[in-house]
Asker: 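Here's a structure for you.
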Amino acid sequence: MTATANLTKKMFTLVFVRERNQLLLGMKKRGFGKGKWNGFGGKLQANETIVQAAKRELEEECGLVANKLEKIGLIDFEFQNDPVIFEVHVFKTDSYHGEVKESEEMQPQWFDMDDIPYDKMWADDRIWFPVMFSGANFYAYFLFKDFSTILTYKLKELSEIKSHFTEFRNSANGVPVTLPQEE
């Protein structure tokens, strides 16, 4: 991939619900990621904060309302030859109300923490989930060749969650890039 001033970021949310030694995942039934287990989340709507989007997506996709969310990570996903970077804000909660229910988009299911279905998830999950499970905050950058092949990645535990996109991408690809908002 060549450096370009045309890189843009789209912001997304991703929420993981934990209950004791279990994690709630959803089988994606349509759209991007169909057929994969994942957390609950999606795109921000106009005039919506990241936290508002995370809470809305959680409720829409599995029926739960988060009483509180804790931001635990930030992941930048890049797909080779695609100028759009997916900036994903990762949250966890164990404080919620409502009943878990299937939606048009997701089929939720509880999994024991030692029985996560990595073989039916995004390839990057088995890399950063252990950091999430350890309780550490993190930043990660993944460059995918296609929807199942990771070309390179960087993962860093952090005390303060912030983007390291330019630093990680430049060192991973050897191709300098600056996004407009980072200039």
Asker: Give me the atom names and distance for the closest heavy-atom approach of Pro130 to Asp125.
Answerer: CD-O, 4.2 Å
Asker: Determine, using the 4.5 Å side-chain heavy-atom cutoff (strictly less than), whether Phe16 and Phe91 are members of one ILVMFWY cluster.
Answerer: no
Asker: Can you see which heavy atom on Gly26 is nearest to which on Met106, and at what distance?
Answerer: O-CE, 3.6 Å
Asker: Are the side chains of Met113 and Phe133 in contact, using a 4.5 Å heavy-atom criterion?
Answerer: yes
Asker: For Glu104, which residues count as a salt bridge (Lys or Arg N to Asp or Glu O under 4.0 Å) partner, sequence neighbours excluded?
Answerer: Arg30
Asker: Indicate yes or no: at least one non-hydrogen side-chain atom of Asp94 is less than 4.5 angstrom from one of Val17.
Answerer: no
Asker: Ignoring hydrogens and angles, tell me if any N or O in the side chain of Asp146 forms a donor-acceptor pair with the backbone of Ser148 under 3.5 Å.
Answerer: yes
Asker: What closest approach, in Å, do Lys29 and Glu102 show between heavy atoms, and which atom pair accounts for it?
Answerer: NZ-OE2, 2.7 Å
Asker: Search all heavy atoms of Gln52 against all heavy atoms of Asn47 and return the closest pair with its distance.
Answerer: OE1-O, 4.1 Å
Asker: Quick one, Arg56 and Glu48 - any side-chain contact, counting heavy atoms below 4.5 Å?
Answerer: yes
Asker: If you measure from CG on Leu14 to CE on Met132, what distance do you get to the nearest 0.5 Å?
Answerer: 8.0 Å
Asker: Among Phe32, Trp37, Phe86, whose ring pair (Phe, Tyr, Trp, His ring centres under 6.0 Å) with Trp122 holds?
Answerer: Phe32
Asker: Do the side chains of Met121 and Ile116 get nearer than 4.5 Å, heavy atoms only?
Answerer: yes
Asker: Trp128 pairs by ring pair (Phe, Tyr, Trp, His ring centres under 6.0 Å) with which of Phe138, Tyr153, Tyr118?
Answerer: Phe138
Asker: Do side-chain atoms of Glu157 reach the backbone of Val131 as a donor and acceptor pair under 3.5 angstrom?
Answerer: no
Asker: On a heavy-atom basis, which atom in Cys62 and which in Phe40 lie closest, and how many Å separate them?
Answerer: CB-CE2, 3.7 Å
Asker: Would you check if Tyr141 and Leu155 make a side-chain contact, meaning some heavy-atom pair closer than 4.5 Å?
Answerer: no
Asker: Going by heavy atoms in the side chains, are Ile72 and Glu70 under 4.5 Å from each other?
Answerer: yes
Asker: Please give me the minimum heavy-atom distance between Lys28 and Glu105, naming the atom from each residue.
Answerer: NZ-OE2, 2.8 Å
Asker: Do Leu74 and Val88 touch side chain to side chain, with heavy atoms closer than 4.5 Å?
Answerer: no
Asker: Would you call Leu24 and Leu64 a side-chain contact if the rule is heavy atoms closer than 4.5 Å?
Answerer: yes
Asker: So if I apply the side chain to side chain donor-acceptor pair (under 3.5 Å) rule between Tyr96 and each of Lys68, Glu19, Lys55, Glu59, which one comes out positive?
Answerer: Glu19
